[in-house]
Amino acid sequence: MDLAKTALLLIDLQKEEGTSEIEDMDGILDRASNLIEECREKGVPIIYTRHINRADAVGLAAGEPLDENGEPIYYHSHSSSIEIADEIKPEQGDIIIDKYRYSGFYESNLELVLKNLHIKHLIIGGVLTDCCVMSTVMDAYYRDYQVNLVRDICGTTSEGAHMASVLMMANWIYNLQIYDADQIRKKLNDETYEVWETDEPDELPFTPENLRKQFSKL
């Protein structure tokens, strides 16, 4: 990983009001905060995405849940839920990408920003693992970015959904590397670290019965 061509991309780590209940969100934000600090010290750009749904429901995805007033329940543009969480509040020089669909790349300016910064490697974490994170990781792969997924700064509404989506990415994104936050921080500091990367397609086939066992191999 060439740090001069690396960025930290954090997906939708926004204030919790008006969004899905995420397991261990406090822990995710704490680990993300430590990783952000490490990246700042190394000069790695920090990029945040924010998911936004217009209050007037114009341009919403098909079937987006609405309240009794016909306004979006999640990521309402007139609520605090569109703001980045206070624990990882952006600083001057950080980049915020607003998005309106699951993937951070879809009809946003994310790719223009990455090209301008000459980025080749992405360190990615955020929420929801099985939704916006996986969509963004897949789109990054399609665009030939090398992805480093930090699995313990990702989360979703259940452990099973989190594990299944990480395993799907592990099985089919051939240049993917998967870290825990403390291990990617060691890598950034040229210390000995642990990483998982695939040796063959569908290396970790999983069933409901062996899901946790396969996930433990990462």
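Rounded to the nearest 0.5 angstrom, Lys89 NZ and Asp94 CG are separated by 12.0 Å. If you take CG on Asn171 and CG on Asp202, they are separated by 4.5 Å, rounding to the nearest 0.5 Å. Rounding to the nearest 0.5 Å gives a distance of 6.5 Å between CG of Asp139 and CZ of Phe105. Between the CD1 atom in Ile96 and the CG atom in Asp98 there is a gap of 7.5 Å [rounded to 0.5 Å]. Expressed to the nearest 0.5 Å, how far NZ of Lys42 lies from CG of Leu188 amounts to 6.5 Å. With rounding to the nearest 0.5 angstrom, the CD atom of Gln214 is 4.0 Å from the NZ atom of Lys217.
Counting heavy-atom neighbours within 6.0 Å of Arg212 CZ, excluding the residue itself, gives a total of 12 or less.
By the criterion of side-chain heavy atoms lying less than 4.5 angstrom apart, applied directly or through intervening Ile, Leu, Val, Met, Phe, Trp or Tyr residues, Leu204 is not grouped with Val195; the two fall into different hydrophobic clusters. One hydrophobic cluster holds both Ile11 and Val113 under the rule that ILVMFWY side chains link at heavy-atom gaps under 4.5 Å. The hydrophobic clustering, which links ILVMFWY residues whose side-chain heavy atoms are closer than 4.5 Å, places Tyr106 and Tyr102 apart. In the hydrophobic clustering of ILVMFWY residues, with side-chain heavy atoms under 4.5 Å counting as a link, Val166 and Val133 come out together. Linking ILVMFWY side-chain heavy atoms closer than 4.5 Å, directly or via other members, places Leu117 and Leu122 in a single hydrophobic cluster.
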**Request:** For Met1 and Ile123, run side chain to side chain contact (heavy atoms under 4.5 Å, CB included): C-alpha distance rounded to whole Å, both residues' side-chain angles, the deciding distance at 0.1 Å, then the answer.
**Result:** CA-CA 10 Å; Met1 182 191 298; Ile123 302 170; 4.3 Å; yes
**Request:** Let me see the working for Glu159 and Glu23 under side chain to side chain contact (heavy atoms under 4.5 Å, CB included), right down to the final yes or no.
**Result:** CA-CA 8 Å; Glu159 181 189 19; Glu23 289 194 349; 3.9 Å; yes
**Item:** Ile153/Leu13 under side chain to side chain contact (heavy atoms under 4.5 Å, CB included): CA gap, chis, key distance, verdict
**Value:** CA-CA 10 Å; Ile153 64 169; Leu13 291 177; 5.8 Å; no
**Request:** List the steps and the verdict of side chain to side chain contact (heavy atoms under 4.5 Å, CB included) for Lys99 and Tyr75.
**Result:** CA-CA 11 Å; Lys99 67 184 186 68; Tyr75 301 117; over 6 Å; no
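Ring geometry for Tyr193 against Tyr179 counts as tilted: the plane angle lies between 30° and 60°, on a 0 to 90° scale.
The shortest non-hydrogen separation linking Ser108 to Leu110 is OG-N, 3.1 Å. The two residues Leu8 and Val44 make their nearest non-hydrogen contact at N-CG1, 3.7 Å. Between Ala57 and Pro72, the shortest heavy-atom distance links the atoms N-CD, 4.5 Å.
Test Met163, Met134, Met138 against Met168 for side chain to side chain contact (heavy atoms under 4.5 Å, CB included) and you get one pass: Met134. Partner of Glu38 under the salt bridge (Lys or Arg N to Asp or Glu O under 4.0 Å) criterion, chosen from Arg185, Arg31, Lys186, Lys187: Arg185. The side chain to side chain contact (heavy atoms under 4.5 Å, CB included) with Tyr48 is formed by just one residue from the set Ile97, Ile36, Leu9; it is Ile36. Shown are Leu29, Ile28, Asp30; of these, the side chain to side chain contact (heavy atoms under 4.5 Å, CB included) with Glu87 is made only by Leu29.
Taking 4.5 Å as the limit, every side-chain heavy atom of Lys120 sits out of range of all side-chain heavy atoms of Asp2. Residues Ser81 and Tyr74 are not in side-chain contact: their nearest non-hydrogen atoms beyond the backbone lie 4.5 Å or more apart. In this structure the side chain of Glu107 never reaches within 4.5 angstrom of the side chain of Arg101, judged on heavy atoms. Put simply, the side chain of Leu167 reaches to within 4.5 Å of the side chain of Leu218, judged on heavy atoms. Met25 places a side-chain heavy atom less than 4.5 Å from the side chain of Val127. Within the 4.5 Å cutoff, no side-chain heavy atoms of Thr156 are placed close to those of Cys131.
Using a 3.5 Å distance cut-off with no hydrogens or angles, the side chains of His51 and Gln14 do not pair a donor with an acceptor. Judged purely by distance below 3.5 Å, without hydrogens or angles, the side chains of His118 and Lys5 never pair a donor atom with an acceptor atom.
In this structure a side-chain-to-backbone donor-acceptor pair under 3.5 Å is missing from Asp180 to Asp182. In this structure, the side chain of Glu203 does not engage the main chain of Thr198 through any donor-acceptor pair within 3.5 Å. Using modelled atom types, no side-chain atom of Thr129 and backbone atom of Ser165 make a donor-acceptor pair closer than 3.5 Å.
Salt bridge Arg40/Glu91: present, at least one basic N to carboxylate O contact under 4.0 Å.
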